[in-house]
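Data first, discussion second: the structure below is written as structure tokens.
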Protein chains: 2
Amino acid sequence: MPNNQEQFKDLLRKNGLKVTNQRIAILEALSDRPGEHLTAEEIYDVVKKDYPDIGLATVYRTIQLLSELNLIDKLNLDDGYVRYEIGSENPEENCHHHHHLICLDCGNIYAFQDDLLENLESRIKETLGFDVVNHEVKLYGYCKECINNRAVKSN
Amino acid sequence: MPNNQEQFKDLLRKNGLKVTNQRIAILEALSDRPGEHLTAEEIYDVVKKDYPDIGLATVYRTIQLLSELNLIDKLNLDDGYVRYEIGSENPEENCHHHHHLICLDCGNIYAFQDDLLENLESRIKETLGFDVVNHEVKLYGYCKECINNRAVKSN
DNA sequence: TGATTCTATGCCAAAGGTTAACAATACACA
DNA sequence: TGTGTATTGTTAACCTTTGGCATAGAATCA
Ligand SMILES: [Zn+2]
Ligand SMILES: [Zn+2]
Ligand SMILES: [Zn+2]
Ligand SMILES: [Zn+2]
């Protein structure tokens with residue numbers, strides 16, 4: 001995704017930050033894996049293949065940077081790890097991120113976009129005067145496959 | 001809330017667990033503070049006033065117990081602490097918990113109940129076959145007071 | 001009430017993800 | 001190419017949370 005990469009370099013330069021191989025490599029690792037939710041350690045392992053001398057602290061620092069630049073999204077599943085994934089396609093508009101369906105059986109994570117949430121937010125603005133600018137939604141349940149597997153088992 | 005307390009004792013006994021002063025004290029500390037979101041350390045400090053010899057590990061163990069019994073709810077604000085609060089009034093029905101509006105300015109947390117989410121969940125069931133049984137929603141933005149304060153400042 | 005059993009507690013140490021310190025490196029700009 | 005400064009890699013520290021273990025105490029029954 002060279003488009004994303006050029007945007008990233010420009011963003012760095014605009015903010016007086018330096019373009020380094022490590023930063024590019026980490027963004028690439030995430031860009032190559034859309035839909036995956038990687039921990040810092042997992043990113044570290046991926047990047048080390050092409051860049052064996054990179055340090056874990058650099059991964060943490062770069063992750064934080066990418067997150068502040070809204071290029072990656074954070075996901076906390078309360079399992080002791082914070083996970084990251086590449087953000088939306090057009091990062092310049094402050095568009096809402098996608099949200100997560102987490103299967104309690106197989107652990108798979110599915111994404112969904114939010115349309116109905118805007119109703120909720122406008123109603124909150126009306127009734128409480130609270131202006132929502134960002135949101136994080138996690139829905140827990142059972143995915144189609146696991147539901148089917150259960151039905152088969154109980155036969 | 002003696003009602004809640006008796007329910008708690010019964011729940012413990014039903015599960016072959018013992019009723020201890022520490023467990024009662026921790027549930028009381030949370031019951032006395034509805035709407036507050038306390039860390040383990042904060043609960044520890046509160047309970048120590050009436051029960052100076054309690055250990056921090058007991059607080060952690062009891063919190064986990066109360067959480068498994070659905071008597072308290074967990075809240076993670078990604079600030080390095082997990083917070084807890086007393087759950088809904090009637091814990092026997094598996095009712096949905098309330099959700100949180102977090103002000104990015106003053107840090108206050110406001111609660112709201114979810115009605116519109118059921119629309120979302122039924123639509124997800126239709127389109128993706130995913131059966132939602134629980135959800136966690138955090139909305140970030142600016143509360144009424146902070147919006148007013150800003151308007152005053154900019155005059 | 002007193003003995004018995006086994007859970008729960010308190011204390012302490014360890015775990016484990018994340019961050020800080022700091023000297024060495026390398027990017028940016030001339 | 002040289003200079004200045006941000007960035008990196010290494011290492012140790014941080015800090016919330018969990019585990020181990022001996023002791024205390026709740027539950028049960030005689
Ligand atoms: Zn995702
Ligand atoms: Zn599944
Ligand atoms: Zn709450
Ligand atoms: Zn506010």
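Hydrogens, waters and symmetry mates are skipped; everything else that's a heavy atom, side chains included, is used. Protein chains get the first letters and strands the later ones, always in sequence-line order, with residue 1 at the start of each.
Residue-to-nucleotide proximity on DNA chain C shows that, of B:Asp53 and A:Tyr60, the 5′-proximal contact is made by B:Asp53.
For the pair B:Arg23 CZ and C:dG10 P, the interatomic distance rounds to 11 Å; values are reported in whole Å. At whole-Å resolution of the value, OH in B:Tyr81 and C1' in C:dG17 are 15 Å apart. In this structure, CZ of B:Arg13 is placed 14 Å from P of C:dA8, rounded to the nearest angstrom. Rounded to whole Å, atom P of D:dT7 lies 14 Å from atom OH of A:Tyr51. Taking atom NZ on B:Lys18 and atom C1' on D:dA27, their separation rounds to 6 Å, with Å as the unit. Between the CD1 atom of B:Ile24 and the P atom of D:dG25 there is a distance of 17 Å, rounded to whole Å. The distance from atom CG of B:Asn21 to atom P of C:dT7 is 19 Å, rounded to the nearest whole Å. One atom, CG of A:Leu56, and another, C1' of D:dA12, lie 14 Å apart when rounded to the nearest Å.
Contact annotation: B:Thr20 does not reach the phosphate of C:dA8 (side-chain N/O to OP1 or OP2, under 4.0 Å). Residue A:Thr39 places no side-chain N or O under 4.0 Å from the OP1 or OP2 atom of C:dG17. Between A:Gln22 and the phosphate of D:dG9, there is a side-chain N or O to OP1/OP2 separation shorter than 4.0 Å.
Ring geometry, B:His37 versus B:His100: the interplanar angle exceeds 60°, so the pair is classed perpendicular (tilted spans 30 to 60°).
Listed for the B:Ser67 side chain is no donor-acceptor partner under 3.5 Å among the backbone atoms of B:Ile63. Within the 3.5 Å criterion, the main-chain N or O of B:Leu17 finds no donor-acceptor partner in the side chain of B:Asn15.
Residue B:Thr58 places its side chain closer to C:dG10 than to any other of C:dG10, C:dT18, C:dT7. Nearest nucleotide to the A:Val19 side chain, out of C:dC6, D:dT7, C:dA28: C:dA28. Among C:dC12, D:dT7, C:dT18, the nucleotide with an atom closest to any side-chain atom of B:Ala57 is C:dC12.
Counting non-hydrogen atoms under 4.0 angstrom, B:Glu41 reaches nothing in the nucleic acid. Within the 4.0 angstrom heavy-atom criterion, base atoms lie near A:Arg61.
The CD1 atom of A:Ile102 sits 14.0 Å away from atom CG of A:Asp105, with the distance rounded to the nearest 0.5 Å.
A:Arg13 is listed as a side-chain neighbour of A:Val19, based on a closest heavy-atom distance under 4.5 Å.
Within 6.0 Å of OH in A:Tyr81 there are 12 or fewer heavy atoms belonging to other residues, nucleotides or ligands.
Residues A:Asp45 and A:Lys49 are not paired through a salt bridge, judged by the lack of any N-O separation under 4.0 Å between the basic side chain and the carboxylate.
Across the helix from C:dT1-D:dA30 to C:dA30-D:dT1, the helix axis at one end is tilted relative to the axis at the other end by 40° (nearest 10 degrees, each axis from five pairs).
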